[in-house]
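Only one structure is covered here, and it is reproduced in the block below.
In each ligand, atom 1 is the first atom listed, and ligand 1 is the first ligand listed. Small disclaimer: the values here were computed from a predicted structure and weren't measured.
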Amino acid sequence: MEAGVACKLNYPTWIESERFGRNSTGSLRFSRIAKQEHKARLVVSAHFPVLTSSNRFRSVSFEVSCSSSKNFSASTIETGSVHAPYDEALVLKNKSLEVEPYLNGHSIYLVGLMGSGKTTVGKILSNVLSYSFCDRGKCTSESIKEFGLNKKEVNGMSVAEVFKLHGERFFRKKETEVLQRLSSKKQLVVSTGGGAVVWDVNWDYMQKKGVVVWLDVPLEALAQRIAAVGTHSRPLLHYEHGDPYTKALKRLSYLLELRGKNYAKANARVSLKEIAGKLGYRDVSDLTPTEIAIEALQQIEGYLKEEGGMVIAGL
Ligand SMILES: Nc1ncnc2c1ncn2[C@@H]1O[C@H](COP(=O)(O)OP(=O)(O)OP(=O)(O)O)[C@@H](O)[C@H]1O
Ligand SMILES: O=C(O)C1=C[C@@H](O)[C@@H](O)[C@H](O)C1
């Protein structure tokens with residue numbers, strides 16, 4: 001009887017469809033009752049190892065035991081292993097559902113050096129949380145019509161042109177105006193400019209109804225990303241000489257020295273080095289933007305739990 005029930009229930013399929021969470025290692029137990037025939041209860045205990053960059057599948061070892069309404073003592077009917085895929089979209093969704101009650105509508109402000117992924121990760125977070133995404137003022141929500149201060153244009157000019165014509169200070173003032181206007185809104189994910197952390201007043205605006213999250217990416221990885229797309233749209237890199245990678249690395253090192261203590265004031269820090277270490281990856285470039293977004297939610301949850309939930313003024 002037991003083997004027959006086990007075959008019908010196809011337990012490797014459950015293992016693949018169950019939530020494994022994103023712990024780097026651990027174990028799970030779950031059971032199903034087969035209504036047909038002898039009302040048997042099958043229990044699967046699964047143990048899953050650390051993820052490695054070379055393999056985004058987990059080799060899950062399992063033990064299946066079975067008991068029936070007539071015979072309560074469980075007997076092991078099979079042990080073995082299956083390859084369970086790591087479904088990052090599902091993990092992200094589950095994490096967002098866990099975080100939502102703590103977040104309670106707080107906006108998320110992403111800060112970090114240029115190229116750190118504020119736009120890329122921000123879009124993923126806004127989708128999964130159903131928040132409006134704002135790239136320095138331009139928001140996806142129709143109800144928020146802000147002055148545009150996004151990457152492509154400020155009053156019709158590129159950021160590079162604004163820096164050239166009006167200077168950095170003018171740009172920063174506009175950035176502050178945008179943050180001030182966004183500060184009264186909830187349910188936003190905001191990708192801020194790399195230098196937004198420098199002016200104290202911006203912190204008051206970001207933290208009024210928001211949690212500030214620092215995307216902490218190693219300088220070499222940032223320089224690689226920027227070199228891949230070119231430095232033309234990032235005016236602060238134009239002060240340096242050399243090939244795009246060298247220009248980016250030099251300027252970013254200088255900016256980090258200047259701003260490091262400001263980024264460190266963020267409520268939550270997402271360190272790519274730490275995530276790569278936890279997941280057993282050799283290099284931060286192995287991390288997907290979704291894996292980074294999951295860690296951001298994890299860090300936000302940690303911060304809000306520590307703060308006793310909804311402590312941010314006005315919520
Ligand atoms: N996790 C990642 N892995 C690899 N490339 C990434 C990752 N995240 C972002 N990128 C790439 O890095 C570049 C910069 O990303 P993005 O525009 O999201 O950063 P940003 O912090 O908004 O930058 P900026 O402040 O300069 O506008 C883009 O080309 C993007 O595709
Ligand atoms: O680090 C900075 O100061 C900047 C970063 C980019 O996001 C742009 O907002 C602009 O190039 C300034």
Exercise for the section: Please verify whether a non-hydrogen atom of R172 lies at under 4.0 Å from ligand 2. Expected result: yes

Handout entry: Interfacing atoms of ligand 1 (cut-off 4.0 Å, heavy-atom, S116)
Key = 19 (O), 21 (O)

Exercise for the section: List in chain and number order the residues that pass side-chain hydrogen bond (donor to acceptor under 3.5 Å, both in side chains) with E301, two or more places apart in sequence or in another chain; answer none if no residue qualifies. Expected result: K95, K305

Practice task
Mark up the atoms of ligand 1 that fall under 4.0 Å of a heavy atom belonging to V229, in ascending order.
Solution key: 29 (O)

Exercise for the section: Indicate, with yes or no, if V284 and L256 share a hydrophobic cluster defined by side-chain heavy-atom contacts under 4.5 Å among Ile, Leu, Val, Met, Phe, Trp and Tyr. Expected result: yes

Practice task
Identify the heavy atoms of V197 and W203 that sit nearest to each other, and give their distance.
Solution key: O-NE1, 2.8 Å

Practice task
Determine whether any heavy atom of R259 lies closer than 4.0 Å to an atom of ligand 2.
Solution key: yes

Practice task
Work out which heavy atom in P289 is nearest to a heavy atom in I124; give both atom names and the distance.
Solution key: CB-CD1, 3.5 Å

Exercise for the section: Can you sort out which atoms of ligand 2 are near F171, meaning under 4.0 Å from one of its heavy atoms? Expected result: 9 (O)

Exercise for the section: Give a yes/no verdict on whether any heavy atom in G115 is under 4.0 Å from an atom of ligand 1. Expected result: yes

Problem - Check: T120 N/O within less than 3.5 Å of ligand 1 N/O - result: yes

Completion exercise
Checking heavy-atom distances from atom 2 (C) of ligand 1 to each of Q224, R225, K118, K123, the winner is R225

Problem - N or O pair under 3.5 Å between G194 and ligand 1 - result: no

Handout entry: Atom of L258, atom of N262 and distance for their closest heavy-atom approach
Key = O-OD1, 3.7 Å

Exercise for the section: Measure from the side-chain N and O atoms of E291 to the backbone N and O of T288, and report whether any donor-acceptor pair falls under 3.5 Å. Expected result: yes

Handout entry: Ligand-side contact atoms (ligand 2) for residue partner G195, heavy atom cut-off under 4.0 Å
Key = 1 (O), 2 (C), 3 (O)

Problem - Numbering as shown, the atoms of ligand 1 that approach P289 to under 4.0 Å (heavy-atom distance) - result: 1 (N)

Practice task
Please report the closest heavy-atom contact between L125 and A293, naming both atoms and the distance.
Solution key: CD2-O, 3.7 Å

Exercise for the section: Can you tell me which residue pairs pass the salt bridge (Lys or Arg N to Asp or Glu O under 4.0 Å) test with a partner in residues 211-229, sequence neighbours excluded? Expected result: D216-R269

Practice task
Report yes if some N/O of I292 lies less than 3.5 Å from some N/O of ligand 1; otherwise report no.
Solution key: no

